[in-house]
**Q** 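Just dropping this structure here.
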Amino acid sequence: MATNEVEQPEQPIAQSGAQTIAYPAPGARPNRRDEAALAPHVIVLFGATGDLAKRKLLPGMAYLVLSSLAPKIRVVGTSLEDLSPDEFRELTREAVDAFGTHKLTDAQWDDFASRITYVPQGAGPEALAEAVAAAEAELSSEVDVAAGMTAEVQRLHYLSVPPKAARAVITMLRDAKLVDRSRVVMEKPFGTDLASAIELNDFVHETFRERQIFRIDHFLGKEAAQNILAFRFANGLFEPIWNRNFIDHIQIDIPETLGLDQRANFYESTGAYKDMVVTHLFQVMAFVVMEPPTALEPRAISEEKNKVFRSMLPIQCSDVVRGQYAGYRNEEGVARDSDTETFIALKVGIDNWRWAGVPIYLRTGKKLAEGMRIISIAFKEAPRTMFPAGSGVGSQGPDHLTFDLADASKVSLSFYGKRPGPGMKLDKMSMQFSTQETENVGDVLEAYERLILDAMRGDHTLFTTAEGIESLWDRSMQLLDDPPPVKQYQPGTWGPNAIHQLVAPNAWRLPFERAWREKK
Ligand code: BG6
């Protein structure tokens with residue numbers, strides 16, 4: 001079961017771009033007033049030759065060094081592939097060039113290359129321990145106790161491996177005696193149902209304490225997701241109307257145009273619900289609907305998120321549309337009779353004082369018409385009696401507040417206004433904000449950069465707890481035990497037709513009636 005251990009409060013969210021940051025050592029009781037520089041870290045990257053490592057993690061680590069956000073790191077890559085350190089550096093260079101958001105000069109690359117090495121997982125725990133010890137020895141001269149760092153180099157184990165492989169990695173870390181001074185980042189899915197999640201959490205807790213574990217959900221690392229917290233809690237304008245009296249319904253809509261992208265094996269055993277909903281969509285939903293936390297710090301935020309998950313009504317099969325794109329069963333690696341959903345739309349209810357009766361619609365899927373990530377809040381409509389027939393009031397749906405979770409976040413508020421000219425004709429108008437239009441756009445951190453940095457700092461604010469994950473699986477059991485049959489949809493559409501009945505009498509916000517305003 002989830003640990004009952006009482007965690008100490010950690011650091012509040014620090015500013016991105018800040019170079020002096022508070023940092024507690026893994027075993028230490030963090031003190032919010034500590035102003036220590038980030039200690040040197042050895043990052044042990046499991047799954048170092050995999051897709052996520054190439055696309056996000058290695059380029060992200062290169063940027064953390066380059067930007068001086070985490071200048072003193074060394075990376076020990078490891079995976080099932082039998083590569084030499086030089087071959088791994090070559091792979092890393094290609095990955096950084098192809099996927100990095102910031103290009104490296106030759107000198108910058110040479111610096112980063114000198115910080116990475118590789119040891120095949122097959123070489124065993126001793127070889128891994130030796131590689132880590134060598135990296136620690138190289139870093140030890142960089143420990144600066146005067147700057148408030150802990151006296152020893154710290155360790156961050158990043159498990160970019162499928163859940164089945166996570167156990168072997170944890171065992172290897174224990175055998176290699178790499179548990180001290182360490183934190184461990186785990187990739188989703190965290191189990192595949194309630195029983196497996198409890199079992200996995202119990203297993204990990206045999207080796208690591210909950211405060212050492214960082215279950216990553218990269219959506220919460222997106223600037224735009226954190227902007228929801230800023231928007232809700234830093235402004236007096238919206239919070240008073242953030243409840244069932246003023247809000248009619250909410251949509252969290254994350255359609256993707258991508259297909260399987262060589263991940264048939266992974267996807268066949270997960271599907272859209274486990275891949276996207278249990279992790280990303282529910283986590284983002286919690287930021288949208290949670291009560292104001294007592295402070296913007298990890299324990300307070302986790303408490304509020306966990307309360308949301310506990311208040312969620314069990315998902316009813318009749319509130320779910322599962323879809324599969326035509327042609328999925330012919331994809332390489334997919335069973336010819338596969339029942340895996342590549343699309344899901346569902347209605348969720350939160351049974352608490354703030355949200356009772358307000359439906360929350362979630363949708364995500366592969367090979368859909370557009371790639372978008374939006375949260376849309378629909379407000380209750382005004383009485384229309386005073387407007388003449390044909391004025392257009394209400395004709396374009398309710399007023400909406402919309403968040404776009406793109407890397408550079410956008411927010412828009414739509415409302416009815418008068419069309420210029422004679423008479424009283426109304427049009428839907430919008431006020432839009434985009435980070436792209438601000439001078440800070442260059443400071444946006446990619447989600448994984450932000451989260452790797454937070455894990456090294458020991459800041460759990462944007463990570464998921466064992467308890468939260470277990471509640472979500474608990475609310476999902478009816479659906480997992482008796483899923484409705486998958487309905488086929490054509491690639492390039494918005495999913496099976498049944499999605500319209502699901503939200504009736506409301507309508508899906510996407511596709512947008514007006515495009516986002518682009519920077520001139
Ligand atoms: C991943 C899922 O976690 O998130 C993928 O496994 C999905 O299936 C991806 O495509 C979407 O993330 P982003 O940040 O690219 O929108």
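Atoms within each ligand, like the ligands themselves, are counted from 1 in listed order.
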**Q** Regarding Gln283 and Lys305, is there a side-chain donor-to-acceptor distance under 3.5 Å anywhere?
**A** yes

**Q** Determine whether the side chains of Arg509 and Thr402 contain a donor N or O and an acceptor N or O closer than 3.5 Å.
**A** yes

**Q** Report yes if some heavy atom in the side chain of Ile216 is under 4.5 Å from a heavy atom in the side chain of Met186; otherwise report no.
**A**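 With C-beta onward as the side chain, the pair stays apart.
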
**Q** Under 3.5 Å, is there a donor-acceptor pair linking the side chains of Glu331 and Tyr325?
**A**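 Looking only at side-chain atoms, Tyr325 and Glu331 do form a donor-acceptor pair, the distance falling under 3.5 Å.
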
**Q** For ligand 1, which atoms sit closer than 4.0 Å to a heavy atom of Met276?
**A** 2 (C), 4 (O), 7 (C)

**Q** Of the protein's non-hydrogen atoms, which lies at the shortest distance from atom 12 (O) of ligand 1, and what is that distance?
**A** His218 NE2, 3.1 Å

**Q** Hey, which atoms in ligand 1 end up nearer than 4.0 Å to a heavy atom of Lys188?
**A**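 Once the distances to Lys188 are compared, the set is 1 (C), 2 (C), 3 (O), 6 (O).
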
**Q** Using a strict threshold of under 4.0 Å (side-chain N to carboxylate O), is an ion pair present between Asp454 and Arg457?
**A**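 A salt bridge links Arg457 with Asp454.
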
**Q** Within a distance under 4.0 Å of any heavy atom of Lys366, pick out the atoms of ligand 1 and give their elements.
**A**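 Those of ligand 1 that fall under 4.0 Å from Lys366 are 5 (C), 7 (C), 8 (O), 10 (O).
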
**Q** How are the rings of His102 and Tyr63 set relative to one another: parallel (under 30°), tilted (30 to 60°) or perpendicular (over 60°)?
**A** parallel

**Q** Given that the side chain starts at C-beta and the backbone is N, CA, C, O, which of these parts of Phe219 lies under 4.0 Å from ligand 1, counting heavy atoms, or is it both or neither?
**A** side chain

**Q** Arg263 heavy atoms, cut-off 4.0 Å: which ligand 1 atoms fall inside?
**A**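 Result: 2 (C), 5 (C), 6 (O), 8 (O).
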
**Q** If you count the atoms of ligand 1 from 1 in the order shown, which ones are under 4.0 Å from a heavy atom of Asp275?
**A** 2 (C), 5 (C), 6 (O), 8 (O)

**Q** If we count only N and O atoms by modelled type, under 3.5 Å, do the side chains of Tyr273 and Ser476 hold a donor and an acceptor together?
**A**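 Checked: Tyr273/Ser476 side chains pair up, N/O donor to acceptor below 3.5 Å.
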
**Q** Identify, for atom 16 (O) of ligand 1, the protein heavy atom at the shortest distance, and state residue, atom and that distance.
**A** Arg373 NE, 2.7 Å

**Q** Who's the nearest protein heavy-atom neighbour of atom 7 (C) of ligand 1, and how far?
**A** Glu256 OE2, 3.3 Å

**Q** Check ligand 1 against Lys222 and write out every atom of the ligand that is under 4.0 Å from a heavy-atom position of the residue.
**A** 13 (P), 14 (O), 16 (O)

